Amino acid sequence: MNCEEVRPFVSALHDGESIPREAAEHMRSCSACQAQLEDYARMDVELRLLASSASEEAQMPRLPQLRRRWGHSLTARVLVPRFALGVGLFAILGLSVGLAWMQAQNGGPWFQFDLSNPETQAKVGSLTQAGDDWTGGFLQAGANQKIGIRVKALDVEKDRVRLSIKVRVLQPAPGSEEEKAANYQLGSRSEEVIDQIFANITPQEFDYVPGQTLEIPVQGGAKIALTGEVFKFRPSFSASWYPLTLQPDQIMLSKAAFVRNNEFLGEVGGGGGARATNSAVGICVPQFGSFVFALKPFEGAIQGVAEFGEVHFKMDGDNYILFSATPITGGQQPREIWVYRSQSCPPSWNNVRKHPTFMGAGDVSNLLDVLHR
Amino acid sequence: MVEDGQDLRDRLRRGDAEAFGRFYRQHATRLREFLRRYLGDAKIAEDVAQDAFLQPWQHPNGFDPARAPLRAYLFGIAAKRAADWWRHRAREEGSVASPPAWRGTEPAALMEEALAHLEPESRSLLWLRAVEGYSCAELAAMLDIPLGTVKSRLFAAREQLRRIWRGERPQEEL
């Protein structure tokens, strides 16, 4: 099947329906169709945020004039004051959503890019702005080999991006800190270990023209391909390396957003997933602490509901929704999910993170270890 | 607690205004917001919302709780009344008013304006699916259209919104 034939099935998949095998196979390897699915998810999130923020303008709807029927009358208790209070709260919460969005848009144009290894078809992607810290990822290069890439945007303009890039091939020992970092399983310690991995690598500078493919040489003769685009506003970045169908014991977050009651707590920077004994992902939400989501019950966790790209749960009287651009887990949906909240983020994160951030993925015991270390 | 189903219908049939008041308070704001998006005018949206709310009050036998909850019935009536309003307006004016000019640059404004550039029925369907959370099957029952039609219209609406939202419209150069 080609993209044109698959497009309607992307809409069906977004609605939680099963799609023909041929369509699913096409989607697994087609970044355009995956981007379409991700856009649909993003559009839904934006529409819901719009619905929340719209309440800012809401006024008291008037109750219809009911005529007396069968001798009954409308009592005078129309409960207007409670309603007015609700509208007022909505207005405040809606305003905070708007402010959060506005704050998220500062900092100049965005550079969204994919890095791929043509030999193994491995792909990672990221989103950055000029002056941001290093970003990037690890690509499978062989059975036990990875290619690590660190990218920093020195300057981002409409038709030119100045990039500083570090690349190295590594063969991490099984169970080592390097291997865990390369598999995104170290949580907050990842950055520290990754810094060590690239400590002695000299960065190369490139002038990149958006839309073109930049070939980055790697030691040993391999090449990594970088493709990217510049956006005036934060785009919905390609999540093509995230699978669309997950196993029942697999958990994944991509381009997530977090909402408490009607307050938008922010987009979650980063993403990833795990398949473990009790697969879990964690996010750090400054001012609110850490949230760990796992597929099986564990001590201190409360039960929530996962359905495709959403998790709903209630904690301490508040209703939370976690949105993800791609399905959060596999198996029959909706299904149970367990959520644990720690009052703080890991110590090394509290002072440097201003927005919700992906903490890591792995077995829940590893994530809790990161939190309580 | 949100009240719906057979019990609520029975109470409305008995003319229980308190039950109706609760039902109204639970759903009025969201229904009005849906209609505001559909119709593009808050005043008309409120009038249509009032009209939709009166339907289950005046004709409580008109809805079948086995087929859909009263809330879905309410949104279905409202959507049909809003569609009637658009048809009436098109007949009166010969054409439907053009969508608003592009003004915003923030993401929320971009989505709001992208939404406003959709056909009203596409706007309505997307809103009911994405914001109100109705399934395709529920939408088919609410709007009295075949399930396949709901799916194909949803697909067309998503693609139209996506194209507009992603920039196939006049916008400032980066």
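Owing to the predicted nature of the structure, the values given are computational and were not obtained by experimental measurement. Here is how names work: the chains are called A, B, and so on, in the same order as the sequence lines, proteins then strands, and each is numbered from 1.
- A salt bridge is defined here as a Lys NZ or Arg NE, NH1 or NH2 lying under 4.0 Å from an Asp or Glu carboxylate O, and B:Arg30 with B:Glu33 fails to meet this definition.
- Using a 4.5 Å cut-off between heavy atoms, B:Arg129 contacts chain A through its side chain alone, with no backbone atom that close.
- Ranked by heavy-atom pairs shorter than 4.5 Å toward chain B, the options A:Val10, A:Asp159, A:Asp44, A:Asp15 are led by A:Asp15.
- With a 4.5 angstrom heavy-atom cutoff, B:Glu132 does not touch chain A via any of its atoms.
- Contacts of A:Asn319 classified as side chain to side chain donor-acceptor pair (under 3.5 Å), with partners at least two apart in sequence or in another chain: none.
- For residues 145-155 of chain B, the pairs satisfying side-chain hydrogen bond (donor to acceptor under 3.5 Å, both in side chains) are A:Glu17-B:Lys151, with sequence neighbours left out.
- B:Asp84 and B:Arg87 are joined by a salt bridge, as a carboxylate oxygen and a charged side-chain nitrogen come within less than 4.0 angstrom of each other.
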